[in-house]
Amino acid sequence: MLTSSGFVHLCRARDMLREVHDRSLSIREVAREAAMSPFHFIRRFESVFGATPHQFRIQSRLERAKHLLALSDYSVTDVCMEVGFSSLGSFSALFARRFGTPPSAYRRQVRSLIAVPGELPTELVPGCLSRMSAAFAILEKQRSPFLANSR
């Protein structure tokens with residue numbers, strides 16, 4: 001049974017795993033902070049969060065990489081290093097395996113969705129609304145001369 005203090009320790013450990021440090025913390029160090037043996041920590045962590053600490057750490061880094069690729073001007077190599085990977089090849093292969101596209105292609109794809117403030121990207125507007133918008137614009141053009149003449 002997991003106590004509330006045990007849960008708090010696991011949440012702190014999860015936060016530690018999410019952070020990027022100059023050197024990667026070992027599972028033994030994180031388990032010590034959670035006041036558990038490494039094996040007990042791994043079992044408890046997986047039962048609470050649905051992933052092993054290692055899987056969670058990798059997923060957190062990849063999610064951070066997605067964010068940086070979309071919103072920063074860092075090169076793919078800089079993003080790789082910033083999120084804690086030491087090999088660009090391993091990072092790119094893992095990113096492509098998890099998200100179905102290499103980091104550079106992901107960046108191009110997500111940046112094509114960035115719109116002018118106040119406008120939705122066309123990929124996010126349902127087709128029926130874009131057709132209605134066009135029909136409404138035509139209707140307004142047709143009404144304008146009629147309304148001007150009726151006054």
Side-chain angles (χ1 to χ4, degrees), residues 1-138 140-141:
M1 186 163 128
L2 184 63
T3 64
S4 62
S5 67
F7 182 70
V8 168
H9 286 343
L10 284 173
C11 288
R12 282 191 199 133
R14 179 195 58 198
D15 293 343
M16 288 175 67
L17 291 168
R18 198 178 278 145
E19 295 171 6
V20 176
H21 303 277
D22 289 338
R23 68 169 186 79
S24 217
L25 296 173
S26 71
I27 297 299
R28 182 178 303 278
E29 292 170 312
V30 178
R32 187 178 316 121
E33 288 296 318
M36 296 176 197
S37 73
F39 298 109
H40 187 64
F41 168 69
I42 291 169
R43 283 192 304 273
R44 281 289 169 106
F45 191 94
E46 186 173 18
S47 70
V48 171
F49 298 113
T52 66
H54 177 72
Q55 292 166 338
F56 180 83
R57 180 185 301 184
I58 296 300
Q59 189 61 33
S60 294
R61 289 178 178 183
L62 290 173
E63 290 297 331
R64 173 91 173 116
K66 282 175 70 175
H67 179 80
L68 290 173
L69 287 167
L71 300 175
S72 76
D73 290 328
Y74 292 165
S75 69
V76 174
T77 303
D78 290 341
V79 169
C80 167
M81 299 301 165
E82 180 71 23
V83 299
F85 287 93
S86 57
S87 164
L88 178 60
S90 297
F91 166 71
S92 295
L94 183 59
F95 191 96
R97 200 166 47 245
R98 293 274 175 99
F99 302 119
T101 183
S104 54
Y106 172 80
R107 170 177 269 165
R108 283 190 303 274
Q109 179 184 7
V110 76
R111 287 193 176 177
S112 72
L113 296 176
I114 295 175
V116 176
E119 292 183 29
L120 284 176
T122 56
E123 291 84 0
L124 299 179
V125 177
C128 60
L129 290 180
S130 60
R131 286 189 199 104
M132 286 172 51
S133 170
F136 184 72
I138 291 169
E140 286 297 309
K141 284 181 183 177

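- Considering CG of D15 and OG of S60, their distance stands at 9.5 Å, rounded to 0.5 Å.
- Pairs engaging residues 76-91 under the side chain to side chain donor-acceptor pair (under 3.5 Å) rule: S75-D78, S87-S90 [sequence neighbours left out].
- Checked by atom type and distance alone, the side chain of S92 never pairs as donor or acceptor with a backbone atom of G89 at under 3.5 Å.
- The side-chain heavy atoms of F99 and Y106, taken from C-beta on, include no pair separated by under 4.5 Å.
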Would you sort out whether V110 and L69 count as a side chain to side chain contact (heavy atoms under 4.5 Å, CB included), showing the intermediate values? CA-CA 9 Å; V110 76; L69 287 167; 5.9 Å; no
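- Shown here are the ring-ring contact (aromatic ring centres under 6.0 Å, His included) partners of F7, two or more places apart in sequence or in another chain: there are none.
- For the residue pair R111 and D73, the shortest heavy atom distance occurs at NH2-OD1, 4.0 Å.
- In this structure, R98 and I58 have side chains that are in contact, with non-hydrogen atoms separated by less than 4.5 Å.
- With rounding to the nearest 0.5 Å, the separation of CD in Q109 from OG in S104 is 11.5 Å.
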Kindly determine whether M36 and L10 satisfy side chain to side chain contact (heavy atoms under 4.5 Å, CB included), including the steps that lead there. CA-CA 9 Å; M36 296 176 197; L10 284 173; 3.9 Å; yes
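- Here the closest heavy-atom approach between residue S47 and residue R44 is recorded as OG-O, 2.9 Å.
- For the residue pair F41 and A13, the shortest heavy atom distance occurs at CE1-CB, 3.5 Å.
- Between S72 and R107, the shortest heavy-atom contact is O-NH2, 3.4 Å.
- Residue A65 comes nearest to F95 through the heavy atom pair CB-CE1, 4.4 Å, listed as atom of the first residue, atom of the second, then distance.
- Between E33 atom CD and L17 atom CG the span is 11.0 Å, to the nearest 0.5 Å.
- When all heavy atoms are compared, the tightest approach of R57 to I27 is NH2-CD1, 4.1 Å.
- Taking 4.5 Å as the limit, every side-chain heavy atom of L62 sits out of range of all side-chain heavy atoms of K66.
- By the 4.5 Å heavy-atom criterion applied to side chains, F49 and C11 are counted as neighbours.
- The ring-ring contact (aromatic ring centres under 6.0 Å, His included) contacts involving residues 56-81 comprise F45-F56, where partners must be two or more places apart or lie in separate chains.
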